[in-house]
Amino acid sequence: MKTFCGRANPTTGTLDWVEESEEYDYHQEIARSCYADMLHDHDRNEKYYQGIRAAVSRIKARGERVVVLDIGTGTGLLSMMAVTAGADFCYAVEVFKPMAEAAQCVVKKNNFSDKIKIINKHSSDVTVGPDGDMHEKANLLITELFDTELIGEGALPSYEHAHQNLVQAGCEAVPHRATVYAQLVESELLWNWAQLQPVEVEGARLVPPHAVCRCAGAHSVCDVQLSQVPPSSFTPLSPLCTMFSVDFSKPVSSAFQSHSTRFVARSGGRAQVVLSWWDLEMDPSGTIVCSMAPSWTYPQPAKAPWRDHWMQSVYFLPAERQVAEQEELSLTVCHDDYSLWYSLQPHSLQDAQAKTPPSRPCCTCQAHLVWTRPRFGELNDRRRTGSYVAALRSVLSEDSVCLSVSDGSLLPVFAHVLGAKKVFSLENSRMSKQVIEEMLETNSKKGGVELLEIRPEQLSSQDLRGEQISVLMGEPYFSTSLLPWHSLFFWYCRTALAGLLRPTATILPCSASLHAVAVEFQDLWRIRAPCGICEGFDVTPMDEMVQRSLDFRESREAEPHPLWEYPCRALTHPAAVMTFDFTQCVPQEPISSQGSLPFIRTGRCHGVALWMEYHLTDDVTVSGGLTQPISEQGDCEWSRHRKQGVYFLRSAWDSLGDGRTGVSYSFTFEPSLGDVKMDFSITGH
């Protein structure tokens, strides 16, 4: 049996549905899961274990048998904790079949098969009765159903169903309670992810379309490692507000709710963004707490627990609002069964809003559907924009005929402002075409750029009004790109358009280079590291299952990560490992490159970071990776706009930094696939 999987195709700039073996989807799901991250989260595991011990003790003190329902059991870890703490029996529910099978193996390996029953179902399908999945209702409910937004994985409906059908009234619950916190801030850095800002080009001030300015934006949460957003990049306008709590030991409702908190503004400024996180109280008294607060809230930030399966949330207000110091305000959070959204109003209007709470925001301007949040940040990056404007200025003349190939790019607008005779732009969708049209119209540039919803290989001289292209330009940016080198689609476009170019045409960027550096991750290594023994339990069957899935394909591929969120140290010098000449067409034969990266710093090498740099002209380069030279200690600063590629070594390697050992590499660019194949190994040992 075959399955269809979406894979980026850099030769066409599309997401192709590729036929794979039945096992592929299964293995990819496991290989890219965050189970290892959760097992390495000692703070989470320890707090759960403490809460479970306390709950079992409370039930036994009442003279009752302890029957556990563990929803979302994963490896079965929490059920094994419960049995070890004295529970009489556990029903462990896991909907993902490979995970349920792994849990069965883990439970058997730890000799708990007589006390733990794995149920491979969604909890809403579990039955209770003599012939049911559960023979009796549970009096201890243990769950790990949470995501960064707390309720985004369907926690509320699952709890609601469990209380109605699977657990006894008055049951104990671990966690006992969750509390959501929020803080209102002003932040140019974060607000740039939500709204297009004005930009200066040659003295002309280009402003965003009115529809974009008035739009509430995309409703989905922006989940980030807030620990990597320095407090210096935002101004708190409110104290940390307690927004609402959910008591999991009582019946839970998944119906719409809203909660408001009154506060006095700590300082004046522009209210733009809400930072939010939550904590879990594992016991009724709230003495065992697992907090998702970012590290800068801790007295000693370095001691804050790291986790990637639960991060923090950034919510953007529907519109920024000026607030005055000491102003009385009310922050409202609404939620349905899966998502949260925030609004701000003067305290005097709170009662009116309570009668008609704000609906979930949605994009009405198309821009938030065309541009992702990192893309908004990229378009608002003044330094980056300056590089493109400088490069364009150096190649344009009054008789230039320009063609832009990038998704939803402002380059054609810049080229028109800089005085090009004629500017065309290929747009990949009607929505992106509409957004750029509105940008032109808002700035009285309508007709200055001819927007064509045509694929490069279908473009004809007639579409260009008989003109030949003198400047072919791209950022390049394509919405279907997953890994840095997928933007090589620009090279394929350049090749398809070769017949429409003047013999002396300028290609911008003229070339690109793939760069690599071997790194030691501060924390990201945990998502790929085997766990072995977790809180005294042997979870090696889980490690083995993940490794089998990685070996199926994923371990031979890089994966995308925004490295600004994941600190790392460079253990080698960065190196350009491949170069792609856009002034020439895509070659017929593969391009190969071999070499090594000698270790120059001590540390533990977990893998290799990869990124692209685009050489707009001989003098102007834009990096999708490192934005500053690596420090003496090896600290790296990464672009916040693009994800980098990470190739994890199968086993970490301890570097002595003496240059005698290093990472050898082999890269091959396959023109027929548009992809870069790679292999790494440790040499000199």
Enumerate the residue pairs fulfilling salt bridge (Lys or Arg N to Asp or Glu O under 4.0 Å) with a member in [range], sequence neighbours excluded, ordered by first and then second residue.
range            : answer
residues 164-175 : Arg58-Glu172, Arg62-Glu172
residues 226-245 : none
residues 211-231 : none

Check: [X] side chain, [Y] main-chain N or O, donor-acceptor pair, under 3.5 Å:
X      : Y      : result
Gln312 : Leu275 : no
Asn139 : Gln168 : no
Ser233 : Pro230 : yes
Trp278 : Thr148 : yes
Asn380 : Asn192 : yes
Ser487 : Tyr477 : no
Thr143 : Leu145 : no
Ser276 : Tyr181 : yes
Gln644 : Arg642 : yes
His606 : Phe521 : yes

Lys121 atom NZ: more than 12 heavy-atom contacts under 6.0 Å: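 For Lys121, atom NZ is crowded (more than 12 foreign heavy atoms under 6.0 Å).
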Residue pair [X] / [Y]: nearest heavy atoms and the distance that separates them:
X      : Y      : result
Ala558 : Tyr647 : N-CD1, 4.2 Å
Val128 : Asn165 : CG2-O, 3.7 Å
Leu280 : Ala178 : CD2-CB, 3.8 Å
Thr332 : Ser260 : OG1-OG, 2.7 Å
Leu184 : Ala271 : CD2-CB, 3.8 Å
Phe316 : Trp193 : CZ-CB, 3.9 Å

Under the side chain to side chain contact (heavy atoms under 4.5 Å, CB included) rule, collect the residues that match up with [X], sequence neighbours excluded.
X      : result
Pro361 : Ala216, His219, Trp341
Val370 : Met431, Ser432, Val435
Asn45  : Leu77, Met81, Cys534, Glu535

Distance flag, aromatic centroids of [Y] and [X], threshold under 6.0 Å:
X      : Y      : result
Trp638 : His561 : no
His368 : Phe376 : yes
Trp296 : Phe234 : yes

How long is the gap from [atom1] on [X] to [atom2] on [Y], to the nearest 0.5 Å?
X      : Y      : atom1 : atom2 : value
His335 : Ser258 : NE2   : OG    : 8.5 Å
Arg44  : Met292 : CZ    : CE    : 9.5 Å
Leu69  : Ser79  : CG    : OG    : 8.5 Å
Met80  : Ile52  : CE    : CD1   : 10.5 Å
Thr73  : Glu144 : OG1   : CD    : 10.5 Å

Partner of Arg307 under salt bridge (Lys or Arg N to Asp or Glu O under 4.0 Å), chosen from Asp147, Asp41, Asp523, Asp37: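 When salt bridge (Lys or Arg N to Asp or Glu O under 4.0 Å) is applied between Arg307 and each of Asp147, Asp41, Asp523, Asp37, only Asp41 qualifies.
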Cationic N near anionic O, under 4.0 Å, Arg640 to Asp381: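 Result for this pair is no, no salt bridge flagged.
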Quick one: side-chain hydrogen bond (donor to acceptor under 3.5 Å, both in side chains) partners of [X], sequence neighbours excluded?
X      : value
Asp283 : Ser285, Thr287
Ser254 : Glu160
Gln225 : Asp308
Glu186 : Arg270

Any [X] side-chain heavy atom under 4.5 Å of [Y] side chain:
X      : Y      : value
Cys531 : Met542 : no
Leu344 : Val323 : yes
Val289 : Glu281 : yes
Gln164 : Pro251 : no
Val212 : Gln195 : yes
Ile119 : Tyr91  : yes
Gln197 : Glu188 : no

side-chain contact (heavy atoms from CB on, under 4.5 Å) assessment of Trp306 paired with Gln522: CA-CA 10 Å; Trp306 182 88; Gln522 181 176 301; 5.8 Å; no
Check against side-chain contact (heavy atoms from CB on, under 4.5 Å), Leu563 and Lys643: CA-CA 7 Å; Leu563 290 185; Lys643 290 183 178 181; over 6 Å; no
[X]-[Y] side chain donor-acceptor pair, cut-off 3.5 Å:
X      : Y      : result
Glu320 : Gln272 : yes
Glu149 : Tyr315 : yes
His641 : Ser639 : no

Residue of the set Val180, Asp337, Leu340 for which side-chain contact (heavy atoms from CB on, under 4.5 Å) holds with Ile151: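 Testing Ile151 for a side-chain contact (heavy atoms from CB on, under 4.5 Å) against Val180, Asp337, Leu340 leaves exactly one candidate, Leu340.
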ring-ring contact (aromatic ring centres under 6.0 Å, His included) pairs, two or more places apart, involving residues 152-177: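 Qualifying pairs: Tyr159-Phe248.
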Steps toward side-chain contact (heavy atoms from CB on, under 4.5 Å) verdict (Cys290, Asp279): CA-CA 6 Å; Cys290 184; Asp279 64 27; over 6 Å; no
Test salt bridge (charged side-chain N to carboxylate O under 4.0 Å, His left out) applied to Glu46 - qualifying residues, sequence neighbours left out: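 Partners of Glu46 by the salt bridge (charged side-chain N to carboxylate O under 4.0 Å, His left out) criterion come out as none, since no residue qualifies.
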